[in-house]
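Just below is one structure, and these are the notes that go with it.
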Number of protein chains: 2
Amino acid sequence: MNCDCDLEDRLDPDLFRALSDPNRLMILSGLAHCCDEPRSVSEVATELPIDISVVSRHLSALRDSGVLAAERTGRSVRYRVRYSALAGLLRGLADAIEGCQQGCCGSDCADDSGSVLTTVGGGD
Amino acid sequence: MNCDCDLEDRLDPDLFRALSDPNRLMILSGLAHCCDEPRSVSEVATELPIDISVVSRHLSALRDSGVLAAERTGRSVRYRVRYSALAGLLRGLADAIEGCQQGCCGSDCADDSGSVLTTVGGGD
DNA sequence: TGCACGTTTGCGCACTCATGCAAGTGATAT
DNA sequence: ATATCACTTGCATGAGTGCGCAAACGTGCA
């Protein structure tokens, strides 16, 4: 597919996988409301009904997928949300998706090119 | 948390769950490059190395999560990408995340309000 | 009515994953 | 050095999921 929208490169299963668990989303939401103020593992764990070892694993998963950043201070590890990176990823994905709709790809799929024009603005 | 960014409402585990499988993402990417031209289950299945019954299940999952729209024409079911809905969801989520960073929430987390200003522009 | 086609669903299997507990690691304080 | 604190890492278990095969379902055609 001769397309310039880079959609398949932006569709990362690992990122969505990290965001597919309710407890991980609660962790992300809680950290996001901290206004860039980092939180330690034990602080995050106090707000959740799961074992602190599980929280540690969830935080590591969110860090590995690029959602959170970790920083060691003394004997505690403080996590914070990578706001700009995450928002940028989501916006880039939104742009790539809408770019595909407007016919960025070549001739392999657009077997009737007129439909592109007739459906602009009328979709979902 | 007295926050007006609606972050936890936008963080839907089911949506991310639907996007967490590589084969489902290949289906979505393939359909997105069709420029709003619907594809039937069997047409989608020809481009994937998995059984058509599995493809049918994947398409249903993507439809249930709001990513795809389905329409029956004769004895075939044609799926298409809900470009605007999906892009809008992602942009709304990006806005909500960045809104949290800039201190939309109240006093429960921002225990030193000065850090909000000093970290603007210097994040991740 | 009978048949062919496209799609969906039941079922079993293999695999992944979230969870809790316990043990291990690293850093600080006494 | 020893103890304590914060976090991480095996390990086992139960739940969830992707997969293929076969049967069922729905639709259109002869």
Side-chain angles (χ1 to χ4, degrees), chain A residues 8 11-31 34 37-82 111, chain B residues 8 11-31 34 37-82 111:
Chain A
E8 37 278 319
L11 287 174
D12 179 20
D14 297 327
L15 171 65
F16 298 123
R17 186 81 192 72
L19 299 176
S20 67
D21 183 77
N23 282 326
R24 275 196 293 269
L25 287 186
M26 288 185 65
I27 289 175
L28 172 59
S29 175
L31 278 174
C34 291
E37 190 66 16
R39 284 286 180 267
S40 68
V41 179
S42 48
E43 284 172 336
V44 174
T46 56
E47 303 172 359
L48 289 170
I50 53 180
D51 194 83
I52 189 175
S53 66
V54 180
V55 174
S56 174
R57 265 188 271 253
H58 282 326
L59 287 167
S60 296
L62 290 170
R63 167 178 47 83
D64 292 342
S65 63
V67 175
L68 301 182
E71 177 190 18
R72 171 149 226 138
T73 65
R75 55 186 166 190
S76 71
V77 179
R78 304 172 74 80
Y79 287 86
R80 62 179 180 84
V81 178
R82 299 184 62 201
D111 34 16
Chain B
E8 35 278 319
L11 287 174
D12 180 22
D14 296 328
L15 171 65
F16 298 123
R17 187 80 192 73
L19 298 177
S20 67
D21 182 76
N23 282 327
R24 276 197 292 271
L25 288 185
M26 290 185 64
I27 290 175
L28 172 60
S29 176
L31 278 174
C34 289
E37 191 65 17
R39 286 284 181 269
S40 68
V41 179
S42 48
E43 283 172 336
V44 174
T46 57
E47 303 171 0
L48 289 171
I50 54 180
D51 193 83
I52 190 175
S53 66
V54 180
V55 174
S56 173
R57 266 189 270 253
H58 282 326
L59 286 168
S60 296
L62 290 170
R63 167 178 48 82
D64 292 342
S65 63
V67 175
L68 302 182
E71 177 190 17
R72 172 151 227 138
T73 64
R75 54 187 165 191
S76 72
V77 179
R78 303 171 74 80
Y79 286 87
R80 63 179 178 81
V81 178
R82 298 184 63 200
D111 34 15

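Source: prediction; values computed, not measured.
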Notebook entry, point to check: Does some side-chain heavy atom of Tyr79(A) sit less than 4.5 Å from a side-chain heavy atom of Leu31(A)?
Noted result: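 With C-beta onward as the side chain, the pair touches.
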Check: Do the side chains of Leu11(A) and Phe16(A) get nearer than 4.5 Å, heavy atoms only?
Finding: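 Yes, side chains in contact.
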Atom pair distance, as rounded to whole Å: [atom1] in [X] and [atom2] in [N]:
X        : N       : atom1 : atom2 : result
Leu48(A) : dA18(C) : CG    : P     : 14 Å
Arg24(A) : dT16(C) : CZ    : C1'   : 12 Å
Arg39(A) : dC7(D)  : CZ    : P     : 13 Å
Met26(A) : dA18(C) : CE    : P     : 16 Å

Margin query: Measuring from the side chain of Asp21(A) (C-beta onward, heavy atoms only), which nucleotide among dT7(C), dA18(C), dT17(D) has the closest atom?
Written below: dA18(C)
Notebook entry, point to check: From dG26(C), dG6(C), dT7(C), pick the nucleotide closest to the side chain of Arg75(B)?
Noted result: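 My answer, after comparing the listed nucleotides, is dG6(C).
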Note to self: If you compare all heavy atoms of Leu62(A) against all heavy atoms of Arg24(A), which two are closest, and at what distance to 0.1 Å?
What the structure shows: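 Taking every non-hydrogen atom into account, CD1-O, 3.8 Å.
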Next item on the list: Kindly state which residues belonging to residues 49-65 of chain B come within less than 4.0 angstrom of DNA chain C, counting heavy atoms of the residue only, listed by number.
Entry: Ser53(B), Ser56(B), Arg57(B)
OP1 or OP2 of [N] sitting under 4.0 Å from any side-chain N/O of [X]?
X        : N       : value
Arg17(B) : dT17(D) : yes
Ser76(A) : dA27(C) : no
Ser42(B) : dT7(C)  : yes
Arg72(A) : dG26(C) : no

Item checked: Ser60(A) vs Arg57(A), side-chain hydrogen bond (donor to acceptor under 3.5 Å, both in side chains): CA-CA, chis, key distance, verdict -> CA-CA 5 Å; Ser60(A) 296; Arg57(A) 265 188 271 253; over 6 Å; no
Margin query: Test side chain to side chain contact (heavy atoms under 4.5 Å, CB included) on Met26(A) and Asn23(A); report intermediate values, then the result.
Written below: CA-CA 5 Å; Met26(A) 288 185 65; Asn23(A) 282 326; 4.3 Å; yes
Note to self: Run His58(A) and Ile50(A) through side chain to side chain contact (heavy atoms under 4.5 Å, CB included) and show every step you take.
What the structure shows: CA-CA 11 Å; His58(A) 282 326; Ile50(A) 53 180; 4.0 Å; yes
Notebook entry, point to check: Just checking Arg78(A): base, sugar-phosphate only, or nothing, at a heavy-atom cut-off of under 4.0 Å?
Noted result: nothing
Notebook entry, point to check: So, the side chain of Ser29(B) versus the backbone of Leu25(B): is there a donor-acceptor pair under 3.5 Å, distance only?
Noted result: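 Between the backbone of Leu25(B) and the side chain of Ser29(B) there is no qualifying donor-acceptor contact (under 3.5 Å).
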Checklist line | Whichever of Ser40(B) and Ser20(A) has its nearest DNA chain C nucleotide further upstream toward 5' | finding: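 Per heavy-atom nearest nucleotide, the more 5' residue is Ser40(B).
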